[in-house]
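Structure incoming, see below.
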Amino acid sequence: MPVSRPRRYWLVKSEPDVFSFDDLIAAPQHTTGWDGVRNYQARNFMRDDMKLGDLVFFYHSSTDPAGIAGVAEIVREAYPDATALDPAHAHFDARGTPDAPTWYQVDVRARERFTQLVTLAELRESPGLDGMELLRRGSRLSVQPVSAEHWKLITARWTTVPV
DNA sequence: GCCAACGTTGGC
DNA sequence: GCCAACGTTGGC
């Protein structure tokens, strides 16, 4: 048995025009592979630190308004991102091989939806979220950790319903 | 559409 | 190893 560790919390970004939280809810088992990440820091979080049962805020970026749409759960730990190994795929990256993949993904499953989008503006106005990576000026990281304190504050302040 | 911030690439 | 150029992200 793996050694248990406290559940960790994360935030992932997606452009809803490409893949929205509703798309995740509509997917089989409310689950999708989080492929296409091509940033090393984001990859490292997925490959090394995201574990089964960790919870994830699903954030809608590049939309108006931007904000957190729901909560998902890690249901499969890191495995190679097949889209990076497929020459026909738009996200192909010739650096990797099946034996030594460069890019990884996890699987996420939708759990809860916020009754209203928690907008970026609301988060910025909300006391207690100082230091949250999402709110940092110039923050672009598409997979990022969320502290337990920030997670509890957000989930206490805004209402969710099961998907 | 604009543009600041950021990560990556590649010449040296 | 430095750093300018470039492409991308993402709020506004």
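Bear in mind that the values here come from a model prediction, so they are computed numbers and not experimental data. Throughout, a chain's letter reflects where its sequence line sits, starting with A, and its residues are numbered from 1.
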### Message
Counting the atoms with a prime plus P, OP1 and OP2 as sugar-phosphate, which does A:D64 contact under 4.0 Å by heavy atoms, base, sugar-phosphate, or nothing?
### Response
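Counting heavy atoms under 4.0 Å across all strands, no contact is made by A:D64.
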### For the student: nearest non-hydrogen atoms of A:D81 and A:V37, plus distance
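What the structure gives for the nearest pair is OD2-N, 4.2 Å.
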### Message
Just to verify, what does A:R111 make a side chain to side chain donor-acceptor pair (under 3.5 Å) with, not counting sequence neighbours?
### Response
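Partners of A:R111 by the side chain to side chain donor-acceptor pair (under 3.5 Å) criterion, ordered by chain and then number, come out as A:E73.
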### A:R8: salt bridge (charged side-chain N to carboxylate O under 4.0 Å, His left out) partners, not counting sequence neighbours
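So A:R8 forms a salt bridge (charged side-chain N to carboxylate O under 4.0 Å, His left out) with A:D49.
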### Message
Clusters formed by hydrophobic residues whose side-chain heavy atoms approach within less than 4.5 Å: which one holds A:Y104, and what are its other members?
### Response
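Its cluster mates, by chain and number: none.
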### Task
Classify the nucleic acid contact of A:R95 as base, sugar-phosphate or nothing, counting any heavy atom under 4.0 Å across all strands shown.
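Answer is sugar-phosphate: A:R95 comes under 4.0 Å of backbone atoms only.
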#### Entry: Footprint string (nucleotides 4-12 of chain C, 5' to 3'): B base within contact, S backbone only, - free, heavy atoms under 4.0 Å
---BBBBSS
### Message
Tell me every residue that passes side chain to side chain donor-acceptor pair (under 3.5 Å) with A:H60, counting only those two or more places apart in sequence or in another chain.
### Response
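With sequence neighbours excluded, A:H60 shows a side chain to side chain donor-acceptor pair (under 3.5 Å) to no residue whatsoever.
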Exercise answer: donor-acceptor pairs, residues 22-36 of chain A side-chain atoms, under 3.5 Å, sequence neighbours excluded:
{"unit_1": "A:D23", "atom_1": "OD2", "unit_2": "A:S20", "atom_2": "N", "d": "2.8"}
{"unit_1": "A:D23", "atom_1": "OD2", "unit_2": "A:S20", "atom_2": "OG", "d": "3.2"}
{"unit_1": "A:H30", "atom_1": "ND1", "unit_2": "A:I25", "atom_2": "O", "d": "2.7"}
{"unit_1": "A:T31", "atom_1": "OG1", "unit_2": "A:Q29", "atom_2": "O", "d": "2.6"}

### Query
Which angle, rounded to 10°, do you find between the first-five-pair axis and the last-five-pair axis of the helix from B:dG1-C:dC12 to B:dC12-C:dG1?
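End-to-end axis angle: 10°.
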### Message
Running the 4.5 Å side-chain criterion over Ile, Leu, Val, Met, Phe, Trp and Tyr, what cluster does A:V75 land in, apart from itself?
### Response
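So far as hydrophobic clustering goes, A:V75 is joined with none.
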### Query
With a 4.0 Å cut-off on heavy atoms, is A:R38 in touch with a base, just the backbone sugar-phosphate, or nothing at all?
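Touches nothing.
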### Query
Should side-chain heavy atoms under 4.5 Å link Ile, Leu, Val, Met, Phe, Trp and Tyr, which residues sit in the same cluster as A:L153?
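Reading the cluster by chain and number, A:L153 sits alongside A:Y9, A:L11, A:L55, A:F57, A:Y59, A:I68, A:V71, A:F114, A:V118, A:L120, A:L123, A:L129, A:M132, A:L134, A:L135, A:V146, A:W151, A:I154, A:W158.
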